[in-house]
Chemist: 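This is the structure I want to talk about, given as structure tokens.
Because only heavy atoms are used, hydrogens play no part in the values below, and waters and symmetry mates are left out as well, while side chains stay in.
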Amino acid sequence: MLNQKFNLAHPRTAGWIVFFVLLILTQLIAVQIFHIERENEFVQLKNETQFFKNHLETSLNPSVTAANLLAFLVEKEILKDNYDAICADIMKGNSFIDALQLVEGNVITKTYPIEGNEEVILYNLLSDSIHKRESARARERKELYFEGPFELVQGGTGIVGRLPIFKDGAFWGFSAVIIRTNTLISAFGLDESGQNERYYFQLAKSNTLDSADTKLFDHGVDFTKGMVHSAAVPLGDWKIYLKTKHPVHFQRTWPFAATGFLLAVVMGVFTWYMSIQPRRLRVMVNEKTKSLKSVNTILKKNTRELQTLNKDLEQFAYIASHDLQEPLRMITSFLVQLQKKHSDQLDDKANQYIHFAVDGAMRMRQIIQDLLIYSQISKIEEPRQELDLQIIVDEVKAILRGAIKEKSAKITVGDLPGISGHRAPLMLVFQNLIGNSLKYVAIDKKPEIDISSKELDKFWEISVSDNGIGIDKEYHEKIFILFERLHTNEEYSGTGLGLSIVKKVVENLGGEIRVESEPGEGTTIRFTLPKNA
């Protein structure tokens with residue numbers, strides 16, 4: 001009984017095994033996703049903290065400059081009675097400075113602007129233990145150092161940056177910069193709440209986060225718990241704290257964990273269900289075998305029909321290249337001779353009819369030749385050879401030099417790669433594309449054609465761009481269809497087979513082709529060719 005219960009071949013046992021294996025695997029993956037998402041969220045928090053630190057330090061840079069300039073003027077005894085005027089110039093354009101002060105020894109002697117700051121005149125920094133400690137800290141560092149945020153003597157809250165001034169090596173006092181809390185908060189790009197949609201913010205003296213007197217924002221958020229990151233700001237021995245308001249790593253993980261559990265249940269039930277139906281599976285296999293045999297029979301039949309069709313196409317190609325073209329040559333020749341010998345006996349209408357007939361015969365002959373080329377593209381049996389597209393383009397330019405010279409066309413050719421293929425079809429590709437660019441251009445424009453290449457992972461992308469008349473978006477796919485023409489023969493000559501031939505050559509080599517164009521904005525044909533065909 002025990003052996004039957006735990007028999008691995010038993011359907012119920014197989015179902016439980018599949019369930020537990022999938023459950024363990026999916027939950028392990030869910031744990032990994034949890035850690036990855038949490039790490040990603042923490043990296044975003046860290047980057048945001050660094051951003052606010054940089055933003056604050058950048059906003060305080062004008063304070064550093066102002067304090068240094070004021071100290072320099074005092075040291076060089078240039079300031080004298082021009083204090084207000086010089087401070088006005090310094091603060092002009094510095095929106096992150098609310099006031100400037102001079103402290104002689106430890107007593108505030110000058111402030112600008114004086115309005116609203118009268119109470120700080122003759123205030124002694126040593127009268128407050130915190131001011132005494134922070135000013136001593138500035139003297140030790142011998143650089144601009146900020147105290148606060150704290151309650152200002154003149155009212156309100158803010159921070160004060162003090163830069164020690166030395167004359168002849170002896171301490172003279174401080175040049176000071178006052179920044180009110182509202183100004184400091186605006187430097188963060190925040191409002192008085194100290195938060196945005198994603199984060200809570202706090203600025204406090206290092207290691208004094210639990211003291212309400214040294215914090216910028218009073219929103220009661222505990223920055224010792226949750227997803228928190230901090231960054232030190234040496235200018236004031238501050239730390240910037242950011243805390244994520246609503247961590248999302250768990251919300252992004254539990255759907256996968258739940259889906260994994262459901263998948264384990266479904267696969268466990270499915271395994272059990274399939275295990276109890278071996279006979280049904282055997283029947284299905286037999287039916288599939290019969291079906292495959294039937295498909296193979298149909299495929300063999302279709303293959304024979306395709307071979308017959310290919311032979312018929314080859315016969316048609318032979319007829320097109322010989323039997324159909326010869327009568328057209330005779331018609332053209334006789335009509336031309338008739339016009340030469342009897343033109344004086346024919347009126348204008350007759351000469352026009354002869355011209356139409358000759359033109360129609362020549363176009364029919366061109367259509368037959370293009371059809372012949374189109375039908376033979378996929379029948380090339382010679383092995384592919386290594387070809388330099390640069391050389392092929394040069395040869396095509398030589399073939400089309402008459403049209404290029406006639407239209408004063410400018411053709412720019414970038415670095416083109418070497419590929420494996422057949423010379424004649426590739427020459428047809430560039431001959432048709434360059435020929436179209438020469439043909440479909442406005443009368444008042446000189447053709448400008450740019451040929452370039454771009455290396456992709458497994459392909460080369462070749463682009464042929466021009467400044468021609470362009471193609472409406474609704475025709476971007478139709479232009480590659482046999483005999484599809486967008487213009488009459490009187491507007492632009494052609495058979496409607498050129499781009500069909502180009503598409504077939506490119507696809508026969510294992511590539512793809514597309515068009516990018518807007519009416520009046522020129523056309524770019526892009527096609528890919530495999531690197532290792």
Chemist: Less than 4.5 Å apart, side chain to side chain, heavy atoms only: is that true for N182 and E192?
Modeler: yes
Chemist: So, for P62 and N94, which heavy atoms are closest and what is the spacing to 0.1 Å?
Modeler: CB-OD1, 3.7 Å
Chemist: Taking atom types as modelled and ignoring hydrogens, do the side chains of Q390 and D394 form a donor-acceptor contact shorter than 3.5 angstrom?
Modeler: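 Q390 vs D394: no donor-acceptor pair found between side chains.
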Chemist: Taking C-beta and beyond as the side chain, do F174 and S135 meet within less than 4.5 Å on heavy atoms?
Modeler: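 They are in contact (side-chain heavy atoms under 4.5 Å apart), so the answer is yes.
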Chemist: Between E516 and R526, is there a salt bridge with N-O shorter than 4.0 Å?
Modeler: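 Yes, charged N to carboxylate O under 4.0 Å.
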Chemist: Has D415 got more than 12 heavy atoms of other residues, nucleotides or ligands less than 6.0 Å from its CG?
Modeler: no
Chemist: Less than 4.5 Å apart, side chain to side chain, heavy atoms only: is that true for L70 and Y83?
Modeler: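 Heavy-atom side-chain distance check passes, below 4.5 Å.
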Chemist: Check N117 against A99 and note the closest heavy-atom contact, atom names and distance.
Modeler: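 Closest heavy-atom pair between N117 and A99: ND2-CB, 4.1 Å.
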Chemist: So which heavy atom on I121 is nearest to which on T109, and how close?
Modeler: CD1-O, 3.9 Å
Chemist: If we count only N and O atoms by modelled type, under 3.5 Å, do the side chains of K110 and Q101 hold a donor and an acceptor together?
Modeler: no
Chemist: Just to verify, which of N106, N124, L126 counts as forming a side chain to side chain contact (heavy atoms under 4.5 Å, CB included) with K132?
Modeler: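 In the set N106, N124, L126, the residue that makes a side chain to side chain contact (heavy atoms under 4.5 Å, CB included) with K132 is L126.
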Chemist: Any salt bridge between E134 and R139, counting N to O under 4.0 Å?
Modeler: no
Chemist: Go through it in stages, so that I can follow the logic: the residues are N61 and E57, the test is side-chain hydrogen bond (donor to acceptor under 3.5 Å, both in side chains), and I'd like the CA-CA distance, side-chain angles, deciding distance and then a yes or no.
Modeler: CA-CA 6 Å; N61 282 338; E57 290 179 336; over 6 Å; no
Chemist: Please report the interatomic distance CH2(W460) to OG(S453), rounded to the nearest 0.5 Å.
Modeler: 5.5 Å
Chemist: Less than 4.5 Å apart, side chain to side chain, heavy atoms only: is that true for R162 and L125?
Modeler: yes
Chemist: To the nearest 0.5 Å, tell me how far I451 CD1 sits from I525 CD1.
Modeler: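 Spacing of CD1 (I451) from CD1 (I525) equals 12.5 Å.
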Chemist: Please report whether the ring centroid of F201 lies less than 6.0 Å from that of F52.
Modeler: yes
Chemist: How close do F217 and Q202 get, heavy atom to heavy atom, and via which atoms?
Modeler: O-NE2, 2.7 Å
Chemist: Taking R137 first and then D237, would you say they form a salt bridge - that is, a charged N and a carboxylate O separated by under 4.0 Å?
Modeler: yes
Chemist: Output, in order, the C-alpha distance, side-chain angles, deciding distance and verdict of side chain to side chain contact (heavy atoms under 4.5 Å, CB included) for R38 and M227.
Modeler: CA-CA 9 Å; R38 189 176 187 278; M227 184 167 286; 3.7 Å; yes
Chemist: What heavy-atom pair brings L163 and A67 nearest, and what distance separates the two atoms?
Modeler: CD2-O, 3.4 Å
Chemist: With no hydrogens and no angle check, just 3.5 Å: does a side-chain donor-acceptor pair link S465 and D450?
Modeler: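 Distance-only check fails for S465 and D450.
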Chemist: Quick one: pull up NZ in K397 and CD1 in I392 and give me the separation to the nearest 0.5 Å.
Modeler: 14.0 Å
Chemist: When rounded to the nearest 0.5 angstrom, what is the spacing between CG in L73 and OG in S175?
Modeler: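 Rounded to the nearest 0.5 Å, the CG-OG separation comes to 9.5 Å.
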Chemist: Taking all atoms of both residues into account, what is the closest heavy-atom pair of V120 and I108, and its distance?
Modeler: O-CB, 3.3 Å
Chemist: Taking the side chain as every heavy atom from C-beta outward, state whether I419 and P530 have any pair of such atoms under 4.5 Å apart.
Modeler: no
Chemist: Just so I know, are the side chains of F527 and E512 near enough to count as touching, which here means a heavy-atom distance under 4.5 Å?
Modeler: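 They are not in side-chain contact.
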Chemist: Side-chain contact test, heavy atoms from C-beta onward, threshold under 4.5 Å: evaluate it for I159 versus W238 and give yes or no.
Modeler: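 Heavy-atom side-chain distance check passes, below 4.5 Å.
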Chemist: Under a 3.5 Å distance rule, please check whether K407 uses its side chain to pair with a backbone N or O of L438 as donor and acceptor.
Modeler: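 Flag set: sc K407 to bb L438 pair under 3.5 Å.
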Chemist: Within a reach of under 6.0 Å around CH2 of W272, are more than 12 heavy atoms found that belong to other residues, nucleotides or ligands?
Modeler: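 No, CH2 of W272 has 12 or fewer neighbouring heavy atoms, counting only those of other groups under 6.0 Å.
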Chemist: Sequence neighbours left out, what passes ring pair (Phe, Tyr, Trp, His ring centres under 6.0 Å) with F270? Give chain and number order.
Modeler: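 For F270, no residue satisfies ring pair (Phe, Tyr, Trp, His ring centres under 6.0 Å) once neighbours in sequence are set aside.
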Chemist: Can you tell if the side chain of N68 reaches within under 4.5 Å of the side chain of L144, non-hydrogen atoms only?
Modeler: no
Chemist: Is a donor on one side and an acceptor on the other found under 3.5 Å between the side chain of T183 and the backbone of I179?
Modeler: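 Looks like no, no N/O pair under 3.5 Å.
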Chemist: Going by atom types alone, do H131 and E147 pair a side-chain donor with an acceptor below 3.5 Å?
Modeler: yes
Chemist: Decide salt bridge (Lys or Arg N to Asp or Glu O under 4.0 Å) for E41 and R198; before the verdict, give the C-alpha distance in whole Å, the side-chain angles of both, and the deciding distance to 0.1 Å.
Modeler: CA-CA 11 Å; E41 195 167 4; R198 298 183 62 187; 5.7 Å; no
Chemist: What is the distance from atom CD1 of I178 to atom CG of D98, rounded to the nearest 0.5 Å?
Modeler: 8.5 Å
Chemist: Rounded to the nearest 0.5 Å, what separation is found between the CD1 atom of I90 and the CD1 atom of I97?
Modeler: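 So the gap between those two atoms works out to 8.0 Å.
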